[in-house]
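For the numbers below, each heavy atom of this structure counts, side chains included, while hydrogens, waters and symmetry mates do not. Lettering of chains follows the sequences in order, A, B, ..., and the numbering in each one begins at 1.
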Amino acid sequence: MTTAERYYVPHGSHWPIVGTFGMMTLVIGLANLFNGHDWGIYLAYVGVAAILFMLWGWFGDQIHESLKGLYSKQVDVSYRMGMTWFIFSEVMFFAAFFGALFYTREYSIPWLGGEGAGAWTNFILWNGYEATWPSNGPAGIGGDFETIPAWGVPFLNTLILLTSGLTITLAHWAVKKQKQLQQVVWLAATVALGAIFLYFQAHEYMEAYNELNLTLSSGIYGSTFFMLTGFHGLHVTLGTIMLIVITFRAAKGHFTPENHFAFEAVAWYWHFVDVVWLGLFIFVYVL
Amino acid sequence: MSSVAHAEGHDHKPEGFLDRWLFTTNHKDIGTLYLVFSLTMFIIGGAMAMVIRAELFMPGMQLVDPAFFNQMTTMHALIMVFGAVMPAFVGLANWMIPMMVGAPDMALPRMNNWSFWILPFAFTMLLSTLFMDGGAPAAGWTLYPPLVLQGGNSFAFAIFAVHLLGISSIMGAINIIATILNMRAPGMNLLNMPLFVWTWLITAFLLIAVMPVLAGGVTMLLTDKFFGTSFFNAAGGGDPVMYQHIFWFFGHPEVYIMILPAFGVVSEILPTFSRKPLFGYTSMVYASASIAFLSFIVWSHHMFTVGMPLGGELFFMYATMVIAVPTGVKIFNWVATMWKGAMTFETPMLFAVGFVIMFTIGGFSGLMLAIAPADFQYHDTYFVVAHFHYVLVTGAVYAIMAGVYYWLPKWTGHMYDERLGKIHFWWSTIAVNVLFFPQHFLGLAGMPRRIPDYSVQFAEFNMISSIGGFAFGLAQIFFVYIVWKTVKGGKPAEARAWEGAKGLEWTVPSPAPHHTFETPPEIKPDMIAHPSNAH
Amino acid sequence: MKNLKMMAALGLLLASTGAWAEYGLNMTPGVTEFSQIAYGLHMKILWICVAIGVLVFGVMIYSMIAHRKSKGAQPAQFSHSTTAEIVWTIIPILILVYMAYPATKALITMEAPRDKADLIVKVTGFQWRWRYDYLNEDVSFISSLDAESNRVRQLKSGEDPSQVKDYLLNVDHPLVLPVGKQVKFLLTADDVIHSWWVPALGWKRDAIPGFVNEAWTKIEKPGIYRGQCAELCGRDHGFMPIVIKAVTPEEFEAWVAEQKKSAVAGRVQPIADQS
Ligand code: HEA
Ligand code: HEA
Ligand code: CUA
Ligand SMILES: [Cu+2]
C-alpha cells in the first residue's frame, strides 16, 4: 500500500492550542476594551497575531503534507465535507441576521405602527408613529437619515461580485487544464475584483456616515444594514485574503488537476460570499 | 482500501504529558479529555445547584443575596448544558464512533483537538465572571434582553464565552459528520450503523444548523449594548421578543441535541442486556430524523405568553404536540426490544431502563406544556423546571451514566464494581425523584421559577426537594469514586465485556489499543449491532 | 420489584392530586372562565398522560419481571413488525387529535377579541413594582411588596417568614377590580420584561417594554387573589407580587370615588428605591 492510499492521521499538533490561545486573548482583549479598558485592544492584537500565526503554521503543515503526497482521496473527501459543512454553518449565521431583518420589517415595525395586534402599542406608547421602511423606529434613534440607492454603487458591486464568480470559475478550468499562467491571471483578476468591491463598500460606508447620517445606530435600519453588509464585507475580506494565498500557491504550481482541494475550498467560499451578497442586494438594498 | 499512515509510522502513545494531552490528535485521548472535563463541569454546575437548593430549603433569605442567586441559576444552567451534557456526549462520540464504524480515527484529528481545548479556556473565562464587578451573568441561561443588557463587566465575557462554545461545537459536529459519512469501513452501510452513530449524525447536523444562529443572536446583544444598535429595542424599531425567537430557534433544537445521543446510547444498551436485537431499527432512524426536523418548527412553545397572534400559537402548539409521535415510536420500540428478551440488570441496563421510564415522565409533562392554554398557567413555574430536569437529568445525564458504565470496561480494561454501581443507581434514582417530582406540585400550586425566596405555602415541598437534591449530589460524588476505582484497577474486562453485546467496538481488546483499526476491519454480519436487513 | 413499588407510589400520588388540591399539589380551578378552561384542560391531559404511562410502564415492568435471564427466559429473535409500528404511530396521533381539539377551542376562546370592555387597566411593570392606571377613571397607583414581607425577606433578617401574613404575596396597594365585569388589561413595561400572573385568573402575559399586550378577564367571585411576576426581571424578581381585590361593582364604584377624592394621595409617587 502506498502512503497515499492510507488515511493520514497526524501525530499531535501544537497549532490548535496556539489557536485557542489566540482566540482567548482576542476575546479577553475585546471584552476589556468594551468594558472601557483601552489596553484591551493591544491584547486583541496579540490574539489576532497568534491566530494568524496559527493559520500560517497549520495550513503550512497541511500544504507540506499534501505536497508530500500523504493525503489519500479519502482524506480529500474529509476536507471537502469539512468545508461544505463549515459553509453551511456560515449560511446559518447570516440567516440569523436576515431573520432579524424580516422579523422587524414584517412584525415589529408594523406593530409599532399600530397594525395587526399593535393598535394599543401605537396608541399608548408611540402615538403618531407610522410604520414605514426604512425606519429608525418610533423614537427616531440616531436622527433622520437617508439610504443608499440600490441602483448605484451597490448594483455595480453586484456586477463586480458576479464577474468575480466568473473569473474564479475560469481559474478553476485553468487548473483542470493545467494552464498555470491562466490560473494565476484569473485568480489575480478575482482578487482585484474583490478588492474593488471592498473599496466601493468602504466608500459607501464613508458616505453613509458623513453625508447620509446613516450609522450603525440609526435604529433598526442602521442596525440591520450595517450588521448584514458589515459581516458580509468581513467575509469578502477573508475571502480575498484566501484568494491571495491561493494565487501565490498557483504561481508556485501547487495545484494539479487531481489535487487542488485548497483551490476549490476557496472557490466555494467565494461563491458563498457571492450568493450572500445577492441576498443582501435584494433584501437590503432593493426591497 | 485505506488504513492509517503515521507521520513517523509507529504506534505508541506519545511520551510527555503535554504531547499526550495538549497536542493530541488521538480520538480516544480527546474523548477522555472531553469526559473528564464534562465531569468536572458537572460537579461545578452541581455545586451551584446545591447553592440554589440550599437557599430554597426554607422560606426566608438565609445564605445568598438575590442577585447572587440569579447568577447561580444562570451559571448552573449554562455550565450543565454547555459544559457537562454536551461535552459528555461529544466525549462518548469521540471514543465510540470511530470504533463503531471501523475508522482509524476521527476524520479531522487536529481540529478535534482544537474543538476540545477551546472548552476549558472558555469555561474558565465564563467562571471568572463570578469574581468580576457586578458578578456573573444573572439574566437566566436564556440571556433575555433587555435584562441581560443590564449586566456589568461580565456581560461581554459571557457573550464571548458563548461564541467560543459555539465555535467548538460546530467544529466538533463537522468532525463527527465527516467521520461518519467518510470513514466507515467497507461494508458498514449507513443502515448498518449503530443507532448511537445515527443519532449523533443527526445531532451534529442540528448543531451546525443552530449554533451559528445563537452566535448571531448574542452578537446582536453585544452590539445593542456596545455599539448602539436597536435589534431588541422598540424605540429604534426592534423588539425584545425577537431575541426570544432567535434564541429558541437555537434553544429548542438544542434540547434535542442533548437528548438524541442519549436515545442512541440507550438503543445500544437495551438490546445488549435484553440479548435480543433492537426492535424496529429503521423506524428508530426515521423517528430520530423526524424529531430533528420537527425541532426546527416548534420554538415558540417557549413563548406562548409573549402575546403572539392566535395563528402562531396554534401552529406552534400543534407542531410541538406532533413530536410526541416519533418520540413515542422510540419508547415503544425500546419496550418491544425488552419484550421477550432474556434480561439481566447490570448497572448500564438499570440506568437505561431508568432513562426510559423517567424520560417518558418528562416527555409527558412536556406534552402538557405544549398545550398553549394550559401553558399560560404552567409557564415560568417550577412545573417547567420539573419537566426539563426529568428530561435532562433523568434523561440526558442518566443516558451518559449508562453509557459510561457500559463502555468503561472498553476504555479502562477493567470491570467496575457491580455492587457499587447498583447502589449508585438506586440511590440516585430515589433521590432524583424526591428532588424533582415535588417540583411539579410546586409549579402547579403557583411557585414561579428563578426566585430566591417564596411564600410559606411552598415550604414543605421545597424542603423535600432540597433534601432529595443533596442526596442526589452525594450520590454523584460516589459515582466519581466508582469511576476512579475502575480506572485504577478491577477485574480485567474481556473484549466482549457484556454477554449480549454486539457491534464492532466489542471485537477489539479491552482496553482498546491506542489506535484501533489501522486497517479497516472486514465487517461480518455478526459484527453489526443492529442488522437492519434481518427481516 | 422495586420499580413496581415506585410506580405504584407514583400512580397513587398522581391519582390523589384532585383530593390534595387544598394542600397545594395541583393547579386550582380559579375564578374565571379562562382559569376553569385551563384547569379542565390540564386535568384532562394529565389523566391521558397517566393512562398512557400506566399502560407503557405496565408492559415494561411486566416484561422486566417475566423476561429475565435469571428466570430462564430465552431471548426471542424478532426485531421488526410493520403492523406494530403502524399501530403505535396511528394511536398516538389519534390521542393527540383528541387533545388538540379542546385545546384549540380553549385557545380561540381565550384569544378572541372582546367587543366591550367595562374597564381598562393599564399595567406597567418596572423593577420591581407594578403600576396600575385605570384608563377611563383617572386613577393610578403603584403597587409594591408590603413593608413587613420586605423587612423579613432581607438577607439574614433572622425573622420567621411564617409569622408574616401572606409572606411575599402581599402588596401595599392591591389592584381593585369589580366582579362580573369585562376587564381589559393593557400590559407593558418600563425597563425589562416582566410577566403579570395571577393564577386564579388563568393566565399570565408578558409585559414587554415598548409594546403593549392585551388580556382579558371577568372575575366571578369576590375575593383576594394573589400572584407574582413570572418573568425573570433582575435582582428582586421574586419580590414583585400582585394582589387583586375583587369586589362587587358597587363597592368598586365607591372605591373609585374615594380614590378620586384623595387624588393627590392616589397619584403616582416618585419611585424610591425599595431595597
Ligand atoms: C432534553 C431536553 C428536553 C426534551 C427532550 C424536551 C422534550 C419536550 N419538551 Fe421541553 N424543555 C426543555 C428540555 C427538553 N424538553 C427545557 C430545558 C425547557 C425549558 C427551557 C427554559 O425555559 O429554561 C423546556 C421547556 C418546554 C416548554 C416550554 C415551557 C414553558 O416555558 O412554558 C415546552 C412547551 O411546549 C416543552 C415541550 C416539550 C415537548 C412536547 C417535548 C417532547 O419532545 C416530549 C415527547 C415525549 C413524550 C410525549 C413521551 C413519550 C411518548 C409516548 C409514550 C407516546 C404516546 C404519548 C402521547 C400520545 C401523549 N418543553
Ligand atoms: C443538563 C442540564 C442540567 C442538569 C444536569 C441540572 C441538574 C440539577 N439542577 Fe438544574 N437547571 C438546568 C439544567 C440542568 N440542571 C437549566 C437549563 C435550568 C434553568 C436555568 C434558568 O432558569 O435560566 C436549571 C435550573 C434549576 C433550578 C431552578 C432555579 C431557579 O429557577 O431559580 C433548580 C432548583 O432546584 C435546579 C436544580 C438542579 C439540581 C439539584 C440538579 C442536580 O441534578 C445536580 C446534581 C449534581 C451535583 C450536585 C454535583 C455533584 C456533587 C457535588 C458538587 C458535591 C456537593 C454535594 C453536596 C453538598 C450534597 N436547576
Ligand atoms: Cu418583574 Cu419578574
Ligand atoms: Cu422546546
Side-chain angles (χ1 to χ4, degrees), chain A residues 1 3 5-17 19-20 23-24 27-28 30-31 34-35 58 70 72 74 77-78 81-82 85-86 88-90 92-93 95-97 99-100 103-104 107-109 111-112 116-117 125 135-139 141-142 216-217 219-223 227, chain B residues 1-8 14 19 22-25 104-105 107-111 113-114 117-118 121 125 153 156-157 160 163-164 170 173-174 177-178 181-183 208-213 215-217 220 223 226-231 233-239 242 245-246 307 309:
Chain A
M1 229 186 276
T3 353
E5 279 169 48
R6 327 173 96 214
Y7 199 90
Y8 177 72
V9 178
H11 239 212
S13 168
H14 50 273
W15 296 119
I17 203 77
T20 306
M23 287 161 93
M24 292 309 299
V27 298
I28 291 173
L30 287 180
F34 294 167
N35 286 343
W58 191 329
L70 292 174
S72 61
Q74 204 185 358
V77 174
S78 289
M81 286 181 174
W85 289 101
F86 167 65
F88 174 60
S89 79
E90 291 267 46
M92 293 312 289
F93 182 73
F97 290 91
Y103 182 91
T104 45
Y107 299 109
S108 65
I109 294 278
W111 285 337
L112 291 165
L125 299 172
S135 171
N136 53 354
I141 300 234
L216 191 54
S217 30
I220 191 67
Y221 185 86
S223 312
M227 293 298 278
Chain B
M1 233 183 61
S2 67
S3 70
V4 204
H6 295 293
E8 299 112 59
D19 279 345
L22 201 61
F23 305 144
T24 177
T25 49
D105 203 296
L108 304 161
R110 275 178 287 227
M111 194 170 82
N113 172 304
W114 201 16
W117 275 106
I118 290 175
F121 289 95
M125 186 170 84
N153 279 343
F157 290 96
F160 282 131
H163 279 129
L164 292 176
I170 291 168
I174 289 176
I177 292 192
L181 292 184
N182 189 34
M183 306 285 286
I208 304 178
V210 302
M211 291 307 300
V213 175
M220 294 180 215
T223 58
F226 293 113
F227 298 98
T229 57
S230 300
F231 287 108
N233 174 8
D239 185 350
M242 181 167 82
H245 284 288
I246 298 174

Side chain, backbone, both or neither: which part of Leu164(B) has a non-hydrogen atom closer than 4.5 Å to chain A? side chain
If you take all heavy atoms of Gly237(B) and Pro138(A), which pair is closest and at what distance? N-CD, 3.9 Å
For the residue pair His245(B) and Tyr103(A), categorise the inter-ring angle as parallel (less than 30°), tilted (30 to 60°) or perpendicular (more than 60°). tilted
Most heavy-atom pairs under 4.5 Å with chain B, out of Ala100(A), Ser135(A), Gly142(A), belong to Ala100(A)
With heavy-atom distances below 4.5 Å as the criterion, would you say the side chains of His163(B) and Val27(A) are in contact? no
Residue pair Ile141(A) / Ser230(B): nearest heavy atoms and the distance that separates them: CG2-OG, 4.2 Å
Tell me whether Asn113(B) contacts the main-chain N or O of Ile17(A) through its side chain, where contact means a donor paired with an acceptor under 3.5 Å. no
Side chain, backbone, both or neither: which part of Met125(B) has a non-hydrogen atom closer than 4.5 Å to chain A? side chain
When every non-hydrogen atom of Ala156(B) is compared with those of Phe34(A), the smallest separation belongs to CB-CD1, 4.4 Å
Counting heavy-atom pairs closer than 4.5 Å to chain A, which one of Ala107(B), Pro109(B), Ala173(B) comes out on top? Ala107(B)
Quick check on the interface: out of Asp105(B), Val213(B), Ile118(B), Asn153(B), who has the most heavy-atom pairs with chain A under 4.5 Å? Asn153(B)
Between Phe121(B), Trp117(B), Phe23(B), which shows the greatest number of heavy-atom pairs under 4.5 Å with chain A? Phe23(B)
Turns out that what part of Met211(B) lies under 4.5 Å from chain A's heavy atoms comes down to neither
With a 4.5 angstrom heavy-atom cut-off, is it the side chain or the backbone of Leu125(A) that approaches chain B, or both, or neither? neither
How about Asn182(B) and Gln74(A): do any of their side-chain heavy atoms sit closer than 4.5 Å? yes
Considering only heavy atoms, which portion of Trp15(A) lies under 4.5 Å from any heavy atom of chain B: side chain, backbone, both, or neither? neither
Between Ser89(A) and Pro212(B), is there a donor-acceptor pair closer than 3.5 Å when you use the side chain of the first and the backbone of the second? no
Residue pair Ser217(A) / Gly228(B): nearest heavy atoms and the distance that separates them: CB-O, 3.1 Å
Heavy atoms only, distances under 4.5 angstrom: which of Leu112(A), Asn136(A), Asn35(A) has the most pairs with chain B? Name it, please. Asn35(A)
Output yes when a side-chain donor or acceptor of Ser78(A) lies under 3.5 Å from a complementary backbone atom of Ala178(B), and no otherwise. no
What part of Ala117(A) lies closer than 4.5 angstrom to a heavy atom of chain B: side chain, backbone, both or neither? neither
Choice from Ala234(B), Pro309(B), Gly217(B) maximising heavy atom contacts with chain A below 4.5 Å: Ala234(B)
Report which part of Tyr107(A) has an atom under 4.5 Å of a heavy atom belonging to chain B: side chain, backbone, both, or neither. neither
If you look at every heavy atom in Pro16(A) and Arg110(B), which pair is closest and at what distance? CG-O, 3.5 Å
Nearest heavy-atom approach of Thr25(B) to Ser13(A) is CG2-N, 4.3 Å
Best-contacting candidate, Gly99(A), Gly116(A), Ser108(A), against chain B by heavy atom pairs under 4.5 angstrom: Ser108(A)
Looking only at Phe88(A), Trp111(A), Trp85(A), most heavy-atom pairs under 4.5 Å shared with chain B are made by Trp85(A)
Would you mind checking which part of Phe227(B) comes under 4.5 Å of any heavy atom in chain A, side chain (CB onward), backbone (N, CA, C, O), both or neither? both
Need one label for Ile170(B): side chain, backbone, both or neither, based on atoms under 4.5 Å from any heavy atom in chain A. side chain
